[in-house]
Amino acid sequence: MSDAPAAHPSLLRRGLWWAADYLYAARRQLAVLSFPWAIGRPRPDPDAWRHGDPGLPEVYLVPGVYEHWTFLRPLGDALAAAGHRVRVVHGLGVNRRSIPQTADRLAGLLGETPAAPAGRVLVAHSKGGLIGKHVLVSSGAATSDSPTPPLGLLGLVAVATPFHGSKLARLFVDPSIRAFRPADVTIVALTGETGVNSRIVSVFGPFDPHIPEGSALDGAVNVQVPVSGHFRVLGSPATHRAVVDGIALLAPRDAG
């Protein structure tokens, strides 16, 4: 099944994309059950993720709502293979807290560990991108001209993030999902914070069944990859390349 962009994809094509998307999501959700198990303590991240080129920014993975960090394992593996040290932010659970609460928690956890000299970049999926933008705003990292910005944050690479919300969120009763309504106070506030968008790279496919509004963000670097879906796009080599390239755009020119 081709994922090439279509001006008006048929209902059948969209249905096939949707089915493939949920099949991928189901497989990735089951990844949390894979070994090694860590009952009563944070699940250990892969040892290979801890090593890399010190001249490259460290990457901190921020998953979406109802996603454990293992959901992003294929993307993390690709970033590690590209030479980045990949970090997991333990303590977010499955990301059901509000965006501001989770952003404060993330900033606090980042503040507990000194940033590497090459800095940090947040790499996020879906809600994780909104959390990442919130941290850039609240920490002042996005508007800092210092070579060592607050928390060492150089910017954010977001995959399939509803920067303008999603009208489909109105159909749900779960507060964790309804928080993505375009009229939600946090979505409106983040939309208005356009000054930070230059520190953001937004990556997305030609069709996202969860975000009719799309993920393009004014003032950001917007990259469309030829893979449709909200979840399946995470596993695409094209997405992995786009994220690696996005990190390079955010890194200082003399880094590495």
Side-chain angles (χ1 to χ4, degrees), residues 21-22 24-34 38 41-46 49 58-76 79 86-113 120-139 151 153 156-166 168-169 171-182 184-187 189-190 200 202-204 208-211 215 229-235 239 243:
D21 204 36
Y22 275 99
Y24 178 89
R27 290 174 52 205
R28 291 311 313 159
Q29 289 288 14
L30 291 174
V32 74
L33 301 177
S34 62
R41 66 184 190 279
R43 182 187 183 91
D45 49 305
W49 288 12
E58 287 184 326
V59 171
Y60 281 75
L61 298 179
V62 188
V65 66
Y66 286 113
E67 294 174 5
H68 188 261
W69 69 260
T70 52
F71 199 90
L72 303 182
R73 177 69 184 265
L75 179 55
L79 293 172
V86 181
R87 309 302 188 197
V88 172
V89 184
H90 295 289
L92 301 185
V94 292
N95 205 355
R96 290 197 60 218
R97 297 180 183 89
S98 73
I99 292 167
Q101 286 178 322
T102 309
D104 289 345
R105 190 176 183 86
L106 173 58
L109 292 169
L110 290 174
E112 293 176 359
T113 306
R120 295 164 163 163
V121 171
L122 301 177
V123 171
H125 176 235
S126 193
K127 177 185 178 181
L130 297 172
I131 294 166
K133 182 174 181 179
H134 196 292
V135 172
L136 290 178
V137 173
S138 62
S139 69
L151 301 178
L153 285 177
L156 163 70
V157 180
V159 180
T161 289
F163 285 111
H164 303 289
S166 172
L168 299 180
L171 304 177
F172 293 82
V173 296
D174 183 351
S176 298
I177 305 300
R178 287 184 61 80
F180 301 126
R181 289 174 297 127
D184 180 85
V185 62
T186 300
I187 296 294
L190 287 176
I200 297 174
S202 182
V203 180
F204 48 86
D208 188 326
H210 289 267
I211 313 175
S215 295
H230 186 70
F231 305 108
R232 194 166 64 103
V233 66
L234 287 168
T239 300
V243 172

(request) Please check if atom CZ in Arg178 has more than 12 non-hydrogen atoms from other residues, nucleotides or ligands closer than 6.0 Å. (result) yes

(request) Give, for atom CG of Leu110 and atom CZ of Arg87, the distance between the pair rounded to the nearest 0.5 Å. (result) 12.0 Å

(message) Could you measure the distance from the CG atom of Asp45 to the CZ atom of Arg73? Nearest 0.5 Å is fine.
(response) 9.0 Å

(request) Mind listing the closest non-hydrogen atom pair of Arg28 and Thr70 along with its distance? (result) NH2-O, 2.7 Å

(request) Compare every heavy atom of His230 with every heavy atom of Pro209, then report the nearest pair and how far apart it is. (result) CD-N, 3.9 Å

(message) Quick check for you: to the nearest 0.5 Å, what is the distance between Leu156 atom CG and Lys133 atom NZ?
(response) 9.5 Å

(request) Report the C-alpha separation of Asn95 and Ile131 in whole Å, then their side-chain angles, then the decisive distance to 0.1 Å, and conclude whether the side-chain contact (heavy atoms from CB on, under 4.5 Å) test is met. (result) CA-CA 10 Å; Asn95 205 355; Ile131 294 166; 3.4 Å; yes

(request) Check the pair Thr113 / Arg120 against side-chain contact (heavy atoms from CB on, under 4.5 Å), numbers first and verdict last. (result) CA-CA 11 Å; Thr113 306; Arg120 295 164 163 163; 3.7 Å; yes

(message) Between Phe71 and Leu234, does the side-chain contact (heavy atoms from CB on, under 4.5 Å) criterion hold? Intermediate values first, please.
(response) CA-CA 9 Å; Phe71 199 90; Leu234 287 168; 3.7 Å; yes

(request) For residues Gly64 and Ser126, report the shortest heavy-atom separation together with the two atoms involved. (result) CA-CB, 4.4 Å

(request) May I ask you to test the Phe204-Ile211 pair for a side-chain heavy-atom distance under 4.5 Å? (result) no

(message) Could you measure the distance from the CG atom of Leu92 to the CG atom of Leu106? Nearest 0.5 Å is fine.
(response) 6.0 Å

(message) A side-chain contact here means heavy atoms from C-beta on lying under 4.5 Å apart; do Leu72 and Val123 qualify?
(response) no

(message) Set out, in order, the CA-CA distance, both residues' side-chain angles and the distance that settles side-chain contact (heavy atoms from CB on, under 4.5 Å) for Tyr66 and Arg96, then state yes or no.
(response) CA-CA 6 Å; Tyr66 286 113; Arg96 290 197 60 218; 3.0 Å; yes

(message) Treating Ser166 as the side-chain partner and Phe180 as the backbone partner, does any N or O pair qualify as donor plus acceptor under 3.5 Å?
(response) no

(request) Any chance you could measure Ile99, atom CD1, to Asp104, atom CG, to the nearest 0.5 Å? (result) 12.0 Å

(message) Quick check: closest heavy atoms across Phe163 and Leu130, and the distance to 0.1 Å?
(response) CA-CD2, 3.9 Å

(request) Locate the shortest heavy-atom distance separating Pro182 from Ile187; write the atom from each residue and the value. (result) O-CG2, 3.8 Å

(message) Nearest 0.5 Å, please: how far is CD1 in Ile177 from CG in Leu168?
(response) 11.0 Å

(message) Are the side chains of Trp49 and Leu61 in contact, using a 4.5 Å heavy-atom criterion?
(response) yes

(message) With a 4.5 Å cut-off on side-chain heavy atoms, are Pro100 and Thr186 touching?
(response) yes

(request) For residues Glu67 and Phe231, report the shortest heavy-atom separation together with the two atoms involved. (result) OE2-CE2, 3.6 Å

